[in-house]
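Proteins get letters first, then strands, A, B, ... in listed order; numbering begins at 1 in each. Note: hydrogens, waters and symmetry copies are ignored here, and every other heavy atom, side chains too, is used.
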Amino acid sequence: MENDATARILAAIRAIPRGRVAGYGEVARRAGLPGRARMVARLLSGNDDPALPWHRVLRSDGRIAFPPDSDAFTEQSARLRAEGVWVEGGRVRGQRAAATLDQQLWGGVD
DNA sequence: TCTATGACTTGCG
DNA sequence: CCGCAAGCCATAG
């Protein structure tokens with residue numbers, strides 16, 4: 001059974017619009033759990049929900065959280081590109097996953 | 001209780 | 001751009 005924290009994190013991840021990305025720290029913050037980026041990561045590592053847009057969750061610097069030679073990396077970048085996200089060199093271009101421009105991501109800018 | 005580990009973050013050089 | 005150190009949080013042994 002999930003806790004509120006878990007549910008909120010999952011909700012925050014599901015709330016990421018298609019073609020958009022967010023950082024672990026951002027998701028945690030959005031879930032009301034600042035500083036729990038690692039918890040978000042741990043959740044994703046054990047998630048079993050195929051409908052969860054885990055591929056939209058990136059590191060704070062906009063990089064994919066997997067080594068470039070891993071399967072997960074390939075799949076994630078492929079999924080992102082399929083959504084129209086510009087991925088290059090294992091990094092997402094065109095938008096910011098960091099909290100510095102949270103307004104751009106969640107503040108209502110589209 | 002303590003240590004180790006991890007899909008993390010930030011800062012310094 | 002790259003590597004390293006310190007911080008931080010939850011779980012496992």
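Here the C1' atom of nucleotide C/dA10 and the CG atom of A/L44 are 14 Å apart, to the nearest Å. If you take CG of A/L43 and P of B/dG6, they are 18 Å apart, rounded to a whole angstrom. A straight line from CZ of A/R42 to P of B/dG6 spans 14 Å, rounded to a whole angstrom. A/D61 places its CG atom 9 Å from the P atom of B/dT10, with the value rounded to the nearest Å. Following rounding to the nearest Å, A/R29 (CZ) and B/dT9 (P) show an atom-to-atom distance of 13 Å. In this structure, A/R63 atom CZ and B/dA7 atom P are separated by 17 Å, rounded to whole Å. When rounded to the nearest whole Å, the span between CG of A/L80 and C1' of B/dA7 equals 13 Å. Atom-to-atom, CG of A/N47 to C1' of C/dT11 comes out at 17 Å; the value is rounded to the nearest Å.
Between C/dA10 and A/R36, a contact under 4.0 Å exists linking OP1 or OP2 to a side-chain N or O. Taking only side-chain nitrogens and oxygens, A/S60 comes nearer than 4.0 Å to OP1 or OP2 of B/dT10.
Distances from the side chain of A/Y24 to the nucleotides C/dT11, B/dA7, C/dC1 place B/dA7 closest. Checking B/dT9, C/dA10, B/dA7 against the side-chain heavy atoms of A/A37 singles out B/dT9 as nearest.
Taking 4.5 Å as the limit, some side-chain heavy atom of A/D49 sits within range of a side-chain heavy atom of A/R14.
Salt bridge status for A/E83 with A/R20: absent, with no side-chain N to carboxylate O gap under 4.0 Å.
For A/R38 against B/dG6, a side-chain-to-base donor-acceptor contact under 3.5 Å is present.
Residue pairs satisfying the salt bridge (Lys or Arg N to Asp or Glu O under 4.0 Å) criterion with at least one member in residues 65-79 of chain A, sequence neighbours excluded, are listed as follows: A/E75-A/R79.
Sequence order on DNA chain C of the closest nucleotides to A/R91 and A/M39 puts A/R91 first from the 5' end.
By the side chain to side chain donor-acceptor pair (under 3.5 Å) test, A/N47 is found to be paired with no residue, residues two or more places apart in sequence or in another chain being considered.
B/dG6 and C/dC8: their C1' atoms are spaced 12 Å apart (whole Å). Here the separation of B/dA7 from C/dA6, taken at their P atoms, is 22 Å to the nearest Å.
We find the CG-CZ distance between A/L33 and A/R30 to be 13.0 Å, quoted to the nearest 0.5 Å.
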